[in-house]
Colleague: 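Input: one structure, supplied below.
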Protein chains: 4
Amino acid sequence: MSRKKTIDRVDLYTATEELILEEGYSSFHFKALAERLGVARSTIYNYYDKKEELITDYMIHLLARSVERIDDTAHDPEPVKGLIRLWSRYAHIHQMLQIMPYIDQEASDKVKENVRRMFQLFMEMKEKIGVILTTGEEATKIRQDVSLSTRIGFIMATVQIPIQGMTEEEWVDEVYTILRDGLYTKPTDTR
Amino acid sequence: MSRKKTIDRVDLYTATEELILEEGYSSFHFKALAERLGVARSTIYNYYDKKEELITDYMIHLLARSVERIDDTAHDPEPVKGLIRLWSRYAHIHQMLQIMPYIDQEASDKVKENVRRMFQLFMEMKEKIGVILTTGEEATKIRQDVSLSTRIGFIMATVQIPIQGMTEEEWVDEVYTILRDGLYTKPTDTR
Amino acid sequence: MSRKKTIDRVDLYTATEELILEEGYSSFHFKALAERLGVARSTIYNYYDKKEELITDYMIHLLARSVERIDDTAHDPEPVKGLIRLWSRYAHIHQMLQIMPYIDQEASDKVKENVRRMFQLFMEMKEKIGVILTTGEEATKIRQDVSLSTRIGFIMATVQIPIQGMTEEEWVDEVYTILRDGLYTKPTDTR
Amino acid sequence: MSRKKTIDRVDLYTATEELILEEGYSSFHFKALAERLGVARSTIYNYYDKKEELITDYMIHLLARSVERIDDTAHDPEPVKGLIRLWSRYAHIHQMLQIMPYIDQEASDKVKENVRRMFQLFMEMKEKIGVILTTGEEATKIRQDVSLSTRIGFIMATVQIPIQGMTEEEWVDEVYTILRDGLYTKPTDTR
DNA sequence: CATGAATGAGGCTTCATTCAT
DNA sequence: GATGAATGAAGCCTCATTCAT
């Protein structure tokens, strides 16, 4: 039919993520993206009208995928540990979400719509975590005397903890240990 | 009142913080700053050659002040709770630090120097927290079987947990409760 | 129905006119035209290399048709009124001619040739009007003490007069009345 | 106080008009304007944020001035002739107004406001002409049996009539003659 | 022919920054 | 010091146009 494509969505997404993680969001322009992809800048405009549309499309894709994975952790013998492990693997999502405030949401209607969708997915994610914390067998072991939002927030905040020279699994173990038993030694242990 | 035609550092810092917290770092230009201060844009250049110098100067000032406060928490009957409380109060520091990756560190030598200093202060902060966690009376109650960096990271991560419709003190209580005892009910409690 | 994937000249002309009258000449691009026609932009290039060629071709077609109609008015019992009526009907020609100055005549040789042809047709039109004004029975009633070009210009200028809430025929009557007898009441009438 | 200005409003207006009359509105960019003024393109942005704002400001200025002049013609012994003469002198206004449909009114709020203002001035102009045609001594000589809007439209349309190798005053005479007495010789004259 | 893909040219804008007063 | 003026660099964006299939 026509000329072969040199860029496809996947390439775009990959280059977008690389560019942002390596250079920061402030370096994310179609100019830089085009250089990385080896195409003319205007070529990218045939795919996306605004950089904000590209980046939010990508973030939705990323977020959607990780929301799906949460379901898997629900069947883990230790679901909360599963979540932590999921976090460690999708750490870059967190970094990507961090740039949200820098995205010009007024750039276009599509961007606004995308941001709305991301917010939705984010809610969904929290809800799924909430379900794990309040229903099912695991929930019987989890304290219910602290507001759900704080419990969810706590789990999500752990993504911020630096890995600092240990393996992924070591990090998961350590974080899970504190999250489960607390920072303090147990009074019962001292008996 | 008529606009002040002279600026002082405090005004600069105040305007800088306000601008960034209200509009985001991407809106932080000398242009916007000048408008907010009611002076000509070029006037700011009499004080700062680069916006990066201004912002890092300000962040150092902010960071230095909060590092000082950590010492106070050490004398708290519950030092870790004190840290949490400090966090909730200095939440905007966290927001400010978040923009670090967006600062062009190559802007000038002074900027580089400032960033170095900030890193130092950050280390200092962690160290002070480390001291609280490993020495003194409180330390005897804190688990030492998890790497210090993870413990510190955990405490610092709590700043991310949303407050969501509770008072500051309620939030502090909830967060401290989980941090201290863990997310799970204690086996001993079920006995 | 599915979009036609083949274009013919008539469609091109229709879409061209619609696009220009609805959106203005500044919105006349092959991009917009292609969208309206439901074909790929590059397809249009199989017919026209330049948008200027298309538009001038179309204008020639339009102009030629209206020049033909002038002959009909010559046999009207009131030829000048016939011209006015012709005007009211072909008002969009006037709009189309208005965009002439915005056409880049240097776009191609064909464009230059087309513009030349349009000028010719325009001359022809004026000439035909001139003939009506200077020969034949009607001419005996028309004042010859004013330069022909001004007389012709006067008639052609009437196309600019707004219709403003009357019927076409009312407008024709009013305009013709003034054109024939003048704006002033006649001294003879007051006698 | 500060550096001497190299461009002022008048220069801007002059260059704007020249550029448009010589090259057409399609060539009216800040780039071209800057070249003509011998300044950097960005310099113009210190005066006007959008080319549409500049051009509409200029057109308002132009229109306002010519509206004022209408009052003068009212005291002319032959007010309608005065209007015609005014037209011939301000012919370029007409050309400028012709470009109105090409101005992107959505460019900014200021543009929208300006366009509103122009419309207002235009109405005012018509009204003033209407007053001349319907009140005062002159009005007694003017036919009132044709709608006012057509009479006004007629006068305004005369600006379109080409001058074609005569002096301004000759043109004014010819146009006024036809406008006053009509295109046809009077029946009384043939008696 | 029709088309999807790629591109270059050109215009738009925003700021940081310098400079003369 | 404070300021208004001017500017360059850099990013944004839209099309016309070419080309291979």
Side-chain angles (χ1 to χ4, degrees), chain A residues 1-8 26-34 37-52 104 107-108, chain B residues 3-8 26-34 37-52 104 107-108, chain C residues 3-8 26-34 37-52 104 107-108, chain D residues 1-8 26-34 37-52 104 107-108:
Chain A
M1 325 249 139
S2 65
R3 218 141 132 204
K4 239 195 285 100
K5 265 194 194 184
T6 62
I7 37 177
D8 64 2
S26 43
S27 298
F28 177 68
H29 330 122
F30 277 3
K31 195 187 176 198
L33 204 55
L37 286 164
V39 299
R41 203 195 324 199
S42 56
T43 302
I44 301 181
Y45 282 93
N46 290 334
Y47 296 83
Y48 279 101
D49 282 345
K50 304 261 178 187
K51 64 176 180 175
E52 286 83 5
D104 174 17
S108 81
Chain B
R3 286 165 159 186
K4 263 204 295 246
K5 286 298 168 195
T6 317
I7 343 177
D8 66 7
S26 43
S27 297
F28 176 68
H29 333 120
F30 277 3
K31 196 187 178 196
L33 202 56
L37 286 164
V39 299
R41 205 183 335 182
S42 50
T43 303
I44 301 181
Y45 282 87
N46 291 328
Y47 299 84
Y48 281 102
D49 281 345
K50 302 265 177 186
K51 65 174 180 176
E52 285 83 4
D104 174 18
S108 81
Chain C
R3 286 164 159 184
K4 261 202 292 220
K5 287 297 169 192
T6 316
I7 344 178
D8 66 8
S26 45
S27 297
F28 177 69
H29 331 121
F30 278 2
K31 197 189 177 195
L33 202 57
L37 286 165
V39 300
R41 203 180 341 179
S42 49
T43 303
I44 300 180
Y45 281 88
N46 291 326
Y47 298 84
Y48 280 102
D49 281 346
K50 302 266 177 186
K51 64 174 180 176
E52 285 83 4
D104 173 18
S108 79
Chain D
M1 330 249 139
S2 65
R3 217 142 132 204
K4 239 195 285 97
K5 266 196 193 182
T6 61
I7 37 179
D8 65 3
S26 45
S27 298
F28 177 67
H29 331 122
F30 278 2
K31 195 186 175 197
L33 204 54
L37 287 165
V39 299
R41 204 196 322 199
S42 55
T43 302
I44 301 180
Y45 281 92
N46 290 333
Y47 296 82
Y48 280 101
D49 282 344
K50 304 261 179 186
K51 64 174 181 177
E52 285 84 5
D104 174 17
S108 81

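A, B, ... follow the sequence lines: proteins, then strands. Residue 1 opens every chain.
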Colleague: C:Thr43 has a side chain; which of E:dC12, E:dG11, E:dT3 sits nearest to it?
Modeller: E:dT3

Colleague: Can you identify which nucleotide, out of E:dT14, E:dA6, E:dT18, has its nearest atom closest to the B:Tyr45 side chain?
Modeller: E:dT18

Colleague: Any idea which of E:dT7, F:dA16, F:dC12 is nearest the C:Arg41 side chain?
Modeller: F:dA16

Colleague: Nearest nucleotide by nearest heavy atom, which residue falls closer to the 5' end of DNA chain E, A:Ala40 or B:Glu52?
Modeller: A:Ala40

Colleague: Mind listing the closest non-hydrogen atom pair of C:Lys50 and C:Ser108 along with its distance?
Modeller: CG-CB, 4.4 Å

Colleague: Take the protein atom NZ of C:Lys51 and the nucleotide atom C1' of F:dT14, then report the distance between them rounded to whole Å.
Modeller: 11 Å

Colleague: If you pin C:Phe28 and A:Phe28 to their nearest nucleotides in DNA chain F, which one's is more 5'?
Modeller: A:Phe28

Colleague: Nearest to the B:Ser42 side chain among F:dT17, F:dA5, E:dT14, which nucleotide is it?
Modeller: F:dA5

Colleague: Just the rounded figure in Å: distance from C1' of E:dA9 to NE2 of D:His29.
Modeller: 12 Å

Colleague: Across all strands shown, which nucleotide pairs with E:dT14 by Watson-Crick or G-U wobble geometry, both distances under 3.5 Å?
Modeller: F:dA9

Colleague: Send over the distance from C:Asp8 CG to E:dC1 P, rounded to a whole Å.
Modeller: 12 Å

Colleague: Test A:Leu37 against A:Thr43 for side-chain contact (heavy atoms from CB on, under 4.5 Å), laying out the working first.
Modeller: CA-CA 10 Å; A:Leu37 286 164; A:Thr43 302; over 6 Å; no

Colleague: Verify the ring-centre separation between C:Phe30 and C:Tyr48: is it less than 6.0 angstrom?
Modeller: no

Colleague: Please report, rounded to the nearest Å, how far the C1' atom of F:dC15 is from the CG atom of C:Asp104.
Modeller: 14 Å

Colleague: Mark yes or no for a side-chain to base donor-acceptor pair under 3.5 Å between D:Asn46 and F:dA6, with no hydrogen or angle criteria applied.
Modeller: yes

Colleague: With respect to the side chain of C:Tyr47, which nucleotide from E:dA6, E:dA2, F:dT14 is positioned closest?
Modeller: E:dA2

Colleague: What's the CD1-P distance between D:Ile44 and E:dG11, to the nearest Å?
Modeller: 13 Å

Colleague: On DNA chain E, check which nucleotide each of A:Val39 and D:Ala107 is closest to and give me the residue with the more 5' one.
Modeller: A:Val39

Colleague: Taking all non-hydrogen atoms of both residues into account, name the closest pair between C:Ser27 and C:Ala32 and its distance.
Modeller: O-CB, 3.6 Å

Colleague: Kindly compute the distance separating CG (B:Asp104) from NZ (B:Lys51), expressed to the nearest 0.5 Å.
Modeller: 9.0 Å

Colleague: Only pairs with both distances under 3.5 Å count, Watson-Crick or wobble alike; so what is the partner of F:dG4 in this structure?
Modeller: E:dC19

Colleague: By the 4.0 Å heavy-atom rule, please label C:Phe30 as base, sugar-phosphate, or nothing.
Modeller: sugar-phosphate

Colleague: How many Å lie between CG on D:Leu33 and P on E:dT13, as a whole number?
Modeller: 13 Å

Colleague: Rounding to a whole Å, what distance do you find between A:Leu37:CG and E:dA5:P?
Modeller: 15 Å

Colleague: Nearest to the B:Lys31 side chain among E:dG8, E:dC15, F:dG11, which nucleotide is it?
Modeller: E:dC15

Colleague: Tell me whether the OP1 or OP2 atom of F:dA16 has a side-chain N or O from C:Lys50 closer than 4.0 Å.
Modeller: no

Colleague: I need the CG-C1' distance between B:Asp49 and E:dT17, as an integer number of Å.
Modeller: 9 Å

